[in-house]
Structures are given as structure tokens and as C-alpha cells.
Amino acid sequence: MTNESATAESDVEIAIRENHPALITYITAGDPSLEDTKAYVEALDRGGADLIELGLPFSEPIAEGPTIQAAINRALDAGTTPQGFFELVDDLETEAPLLVMTYYNVILQYGPTADVRPFVERAAEAGLSGIIVPDLPAEEADPLRDACDDHGLDLVFIVAPTTEGERLETIMSKASGFAYVQARLGTTGARADVSNATHDSLARLEEYDVSEPRSEARRAQSDGVPKAVGFGVSEGDHAAEIVEAGADGVIVGSALVDIIADHGEGDAPAATDLEAKARELKRGALRGAGGEVPEPEQP
Amino acid sequence: MSKSERNRERDSDPTFGDYGGQYVPEALMPALQELEDAYERYVLENEDGFVDEFRERMRDFGGRPTPLQRADRLSERYDREIYLKREDLVHGGAHKLNNALGQVLLAKYMGKERVIAETGAGQHGTATAMAAAHLDVPCEIYMGRTDVNRQRPNVYRMRMNGAEVNPVDAGSATLKEAINETMRDWATTVERTHYVIGSIVGPHPFPKLVRDFQAVIGREAREQIREQAGRLPDSVVACAGGGSNTMGAFHEFVSDDDVDLVAVEAGGSSLEIDEEEGLAPNSATLSTGTDGVLHGAMTKLLQSGDGQIMESHSVSAGLDYAGVGPELSHLVDTGRVTPVSVDDEDALNGFHRLSRLEGIIPALESSHALGYLERAAGPAAENASSPERSSADSRAGNPRDNGDEPRAESYEDLGDLVVVNVSGRGDKDLETVLEETEKRDLEAAPEVEVFDRD
């Protein structure tokens, strides 16, 4: 079935292409409260984030390291639910498109029975542009892929350092929005350097021609899925190095969550620090692309 | 079609009905594909003599076959033939070695340099540590801090065998958290590490792989009961946490329609759940769970309406898990396996009764199966029900309501010839049993004051 939304332009891809090299930020919704999250998302938006991922907490986040796991626990302790999360998104007005990052069981349980559709419908209604599911490999993704297509949402897939050959082609044939290139093996978490695996992964993606769009409809309006690199990125210099290596965007999560963790609930300076960090990362990304780097704004 | 081709066709399917699958981070998918390939070649097709070596080591190192023992006094008490499959006599004291030795050997055939495992009660960790020492493979074990504290003898044993034990502090610090942490280790070191999953849970092919290593329990029991009793049993009873001893005992009987398969879950202190607190005071996933995805598979889970996984409870650390194997979920849905449950107190009574009547100290896990025997066939059941024993199509098996007499009519009719799987021995549980017995007035327990330490 061909439908209108599947052929519509992807907000996510446009945001990355028009703001190349793009900054993609992650924070956990409800950490430490949904009210704070609203302020933090707006701060990241002001600081130059081109896409914002919001984590919807799941009690067993097997792909996350200690930083994000702790944020998820704080959010769950604060009573964050999918309903509350969607109400927050209803309220948000940002320039950057928003994506939800959550685990498959949370998506499945949103409706009255184990089915992905009610979640996707609500996500579209709230104005989300895409979904990332760390425990959903391409093999199991068809129900969610179809539901996202029907509602015009992007479904972002992760490409790991261990992903090669046919698997890479399978993933790229199903991916939309961008390919989330995992910079290193393991879980999420800020690191002091950029892994060599990043360069290898980007090179491998080039080799396997990631610009192959996933359908004829997309072929018509897009020249491929952009590549963004995450896992361990924490500083402007990392962002520069990753963009220099050929990425279209950098993804930063734990370094931002660390800032939130250092502040208490209802703490306005956290928003200021997040905005400044986003600026540093965006400047780094621009430097990596050899483009104009704006002067930092005076406080 | 050759047997190996049939096996291939049957076992390349990653699902059991609606359950199973592979819900893991992308980084792990190539490792699962590699494992699928190794499973088909070595386990199903005996490439390089893998299965021969495994069976030989299970015999010489593991002590197989284990006896199927007629339990004379239980038979008398329950007025029927009760046979015990003595997995407590496997080296290390539990059925866990069947799987651990199989997987560590497979890891060696696959050229992996290191194995990791999670453990709840410590029996799987102990079995993995023993198998790793036996086969000279470096080994690390993740174990929830709560379980480290309540299962100290097994922690010592793992370390004696040279394994590193990493306590996990997250959440309720039990099996679920230990699995999360082991998956994280695996996602970091996947290229050189094999994750020895301890039950029939996790992503494909683990549920099939572990089941095949454990199926030896039922295979032996089936031959033994025919030899000793002259026919197949009316029912096979096994406790169910994740479900590896359960599927191990059941697998060879699944196509024998006349043999009832009864999975006894941990009813904990109650089958009610506290949605607000996210607590299930039980681990009765097959009886009360709902469909969802946890630790790599679609299966039945103890979860909130929002899909958050509940903290489960059982007096037995080995049953204390909010999930269950996908194959068991499927067999329950299709009606082939009947899930029942008994509470902590029934299990403790089962523990003491077997110790006293038969001279066998069972694991607290297995004690649930023995506790169910009393509920379904004991004097209380007979007093409380009509001479006609429970109907075979009922499946409630709920523990007593508010301390009232059990509703005997809701228990399964186990028939005249029953095989009970004694999945492990209870030495590891003595501290817990003493502590929990002291809190209660248990009919089957001895006086415990003499054990007071100071």
C-alpha cells in the first residue's frame, strides 16, 4: 500500500541536511521531573540542537550505561509514565524536531493489548517526528516500521561496530531519518576520546552505500539516509573529529545527563549549562566541517 | 529429508507461536547469528563430535545418568506411585550443570576466549564456574547483591573454582538486574565472549539451545519410568522460575498427550500485585503474567500497565524472576502445560517433608514442586474435597485464600503414577530455610531452636 505520509518529506532528514553538520541531543524525560524536562528541552533548542531525542524510561534499559540508567531510575521514581510523557510533548514547541527513544516493551504496552499501533498513533498526534528503539533489531521491526510509515514517523536504526555485510544492507533498507552509528561496542556513556571504531564504522557505511533510499517513494525525494554518530561523545573536540571523519551529525546524551544529575530539581542554572554545552558541541561539529564557526555568545 | 535437515527446519524458527524472537541491541545480533550457526552445526548435527564429547563429559565429570528413585514414604502418604528424578545428584548439586557444561564446551568449539553468566540462587553461576574450570576457560559471574547475601555458600564455591563474582546493586539486586548487567558486559565484549544464559530465556537461539542441553532430564526419566514402572507416568511435575528444569523435564513428554505436564510456580506471599509500588509478591509469571518483551524475547511477564517490569518475590532466589521461557508461555497458551503455584509456606513445608520422609534435602526451587504434591494429593486435599479428585481441566491451583483451607477442587489430578523433578539439592538454602522457618509455624518443620548460633 502506498500512502501519503510514507512519501512525505522526513522532518528528521531535512533537519539534518539543512543544519549540516547536525547536533542531536538526548535527555531522559522526567529526570528529575517532566517540568524540568520542558525547560531543558527548550534550553537545548536555544543552544543549537538540530534534533532532540527524549528518553521515555523503561525499567530494564540494557543498552544504557550507568549515567543514563541512573537518569531513567530518577525519572521512574518521579512517576514518569507514557501518558505524562506525551502530555509534555503536546506542550513543547521547539524548532528542532523531537524523537522518542524507548524500549520495545514500553511501545507494546501502550494500548490495551500488546500492539505497537496505539503508541505510534499517539506519538504522531503529539507531534513527534521519529522513534528510536535500542532493543529492536531490523529482524523484529516490521510491525513498527509499517505503523511508522502509516503515520509519517521516522524509525531510526542503530548500526553497531559489529554490523557488517548483509546485516548492514538489511538495516539500511529499513532505516529512515538517519542511521545511528554506534561509535563503540558496549553501552552509552560519556568517554574521554573518540573511538577508532567510529572511523571504521563510517568507512564501512560508505562501502555499503548507505545512500540507497528505502523505497521508490523516498528515492524520489531524498538522496539517502544521513549518518550520525553517538556513544561516548562528550566534547566539542569529539564532535569536530567525528564530523571530519564524514558523519552528518553527532549524538550526545550522557554528557548532558551528567549536567542534569549535577543539579537538583527545579534548578534554573541546569538549563543555562545545557544551553552552553549544546553551543560548544555545535561549534565543534561546525569546526569539523571546516565551515564558519560563529563567535560564542557573550553571557 | 534427513534427520538433520528436519532439525534445521524446525530449529531455525526463532519463535514458539507468538513468543520468542530476538529483541536485543544491534551490537549483539551478529553474535546471535554466530551462535545459531554453532547450535545447528555442533548441537543438532554433532559436527566435530561435539555431542559425543558433551555426553562423555556429562557422564564422567557430571555424574549422569541420575537415578529415577521411587519415593516410598511419599508414595504411601499420597497413595500413589511417586518417583523422584534426582537432578540434585548431578555434580554441583543441580540440573544447571547440564546446560552450563554444554554451553561452555560450545563456547570452546566456537573459539571464544571467555565466558560470562548471570546467576540468581547461585546454582547456575556455580555450574558455569565449575564447567569453566573443568574446560579451562576464564569466567566472570554477575549476581545481584541481595542474592550474594542470601546464597553465600555458592559465592564461595564460584570463587573456589576460579570465577570472578561481580555483585550488582541496581534495583532489587536480584536475578533481573544480574541479567541486565551481564547483557551490558556482553555488548561490550561480544567479539571474544560467550554469554552462558542460565535458563530457557533470552533471545533465540538460547531458549532452544538450553532446552536441548536440559532435555536429558526427561529423556532419561522417560526410559527409566518405562523400565521401572512399566509405563509412562500420568503426570510430570516440575518447578518453574525461568523454566530450564521445567522444559528439561517436559520436553521428551510433550508429544505424549496422556502425560500431564504441571509447572509449579512461586506464589510467594500472594498472587495479588501492587501496581502502584511496581511489586509482585510472587514469581508466578505463567499463572498471572501478560505478554511483553524482556531480556531479548517476547514472553509472559510480571509488568505494570505501562510496561515497566515488576520486582518479583519468592523465598527461593532461583525462582525469583519476572519473566519465563517463551516456549513455556507457548505451551501454557496451547494448554499442553498447566501452570499452578504454591506459596512460600507450602514450599518450606515441602522442603521439610522431603528432608524428613525421604532423607533428601531439596533445593527451595524444587520444594515448590513438592509443596504442590501435598496440595494436590496430600491429606488436606483429600479431606477438603469430594472422593472424586480434582478435575483435569481446572488450572487455578491458587494458594490458600486468606489462610482458609485450600480449595482442593482447583488442583490438578496428578494420577496414579507421578514423576517429580528434584532439580537441585538444598544445602545452599539452609540459612534461608532456618530463618524463614523460625518466622512461621510450619507443620512439617522440626524444632529449630537447637540451631541457634549464640
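Chain identifiers are assigned alphabetically (A, B, ...) following the order of the sequence lines, protein sequences preceding nucleic acid strands; residue numbering begins at 1 within each chain.
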Legend entry - Sorted by number, residues from residues 29-36 of chain A in contact with chain B (heavy atoms, under 4.5 Å): none
Legend entry - Crowding at CD, A/Glu125 (>12 non-hydrogen neighbours, <6.0 Å): yes
Legend entry - Distance (rounded to the nearest 0.5 Å) between A/Leu185 CG and B/Glu191 CD: 5.0 Å
Legend entry - Interface residue of largest heavy-atom contact number with chain A, from B/Ile309, B/Thr189, B/Thr290, under 4.5 Å: B/Ile309
Inset, instruction - Measure A/Pro161 against the heavy atoms of chain B and call it side chain, backbone, both or neither at under 4.5 Å. - result: neither
Legend entry - Results of ring pair (Phe, Tyr, Trp, His ring centres under 6.0 Å) for A/Phe157 - residues two or more places apart only: none
Legend entry - Heavy atoms from other residues, nucleotides or ligands near CG of B/Asp18 exceed 12 (cutoff 6.0 Å): no
Legend entry - Stepwise side-chain contact (heavy atoms from CB on, under 4.5 Å) test for A/Glu139 and B/His204: CA-CA 12 Å; A/Glu139 282 77 357; B/His204 175 73; over 6 Å; no
Inset, instruction - Against chain B, label A/Glu60 side chain, backbone, both or neither, depending on which of its atoms sit under 4.5 Å from a heavy atom there. - result: both
Legend entry - Rounded distance [0.5 Å steps], CZ in A/Phe58 versus CG in B/Leu294: 6.0 Å
Inset, instruction - Please list, in residue-number order, every residue in residues 171-184 of chain B that has a heavy atom less than 4.5 Å from any heavy atom of chain A; write 'none' if there are none. - result: B/Lys176, B/Asn180, B/Met183, B/Arg184
Legend entry - Donor-acceptor contact present, side-chain A/Glu140 to main-chain B/Gln22, <3.5 Å: yes
Legend entry - Contacting region of B/Ala170 [heavy-atom separation from chain A under 4.5 Å]: side chain
Inset, instruction - Would you mind telling me which of B/Pro203, B/Pro30, B/Ser304, B/Gly292 has the largest number of heavy-atom pairs within less than 4.5 Å of chain A? - result: B/Pro30
Inset, instruction - Heavy atoms only, distances under 4.5 angstrom: which of A/Ala160, A/Ala138, A/Gly186 has the most pairs with chain B? Name it, please. - result: A/Gly186
Legend entry - Most chain A-contacting option - heavy-atom pairs closer than 4.5 Å, from B/Gly305, B/Pro25, B/Gly278, B/Gly21: B/Pro25
Inset, instruction - Could you have a look at A/Thr187, A/Thr162, A/Thr81 and say which one has the most heavy-atom pairs with chain B under 4.5 angstrom? - result: A/Thr162
Legend entry - Pairwise distance CD1(A/Ile158) to CE(B/Met29) - rounded to 0.5 angstrom: 13.0 Å
Inset, instruction - Look up atom CH2 in B/Trp186 and atom CD1 in A/Ile62, then write down how far apart they are to the nearest 0.5 Å. - result: 10.0 Å
Less than 3.5 Å apart, which donor and acceptor atoms pair up between the side chains of residues 105-116 of chain A and the rest of the protein, not counting sequence neighbours?
residue  : atom : partner  : partner atom : Å
A/Asn105 : OD1  : A/Gln109 : NE2          : 2.9
A/Asn105 : OD1  : B/Val293 : N            : 2.9
A/Asn105 : ND2  : B/Gln303 : OE1          : 2.8
A/Asn105 : ND2  : B/Gly307 : O            : 2.9
A/Gln109 : NE2  : B/Asp291 : O            : 2.9
A/Gln109 : NE2  : B/Gln303 : OE1          : 3.4
A/Asp115 : OD1  : A/Arg117 : N            : 3.3

Inset, instruction - Would you mind telling me which of A/Thr163, A/Asn73, A/Leu136, A/Val133 has the largest number of heavy-atom pairs within less than 4.5 Å of chain B? - result: A/Thr163
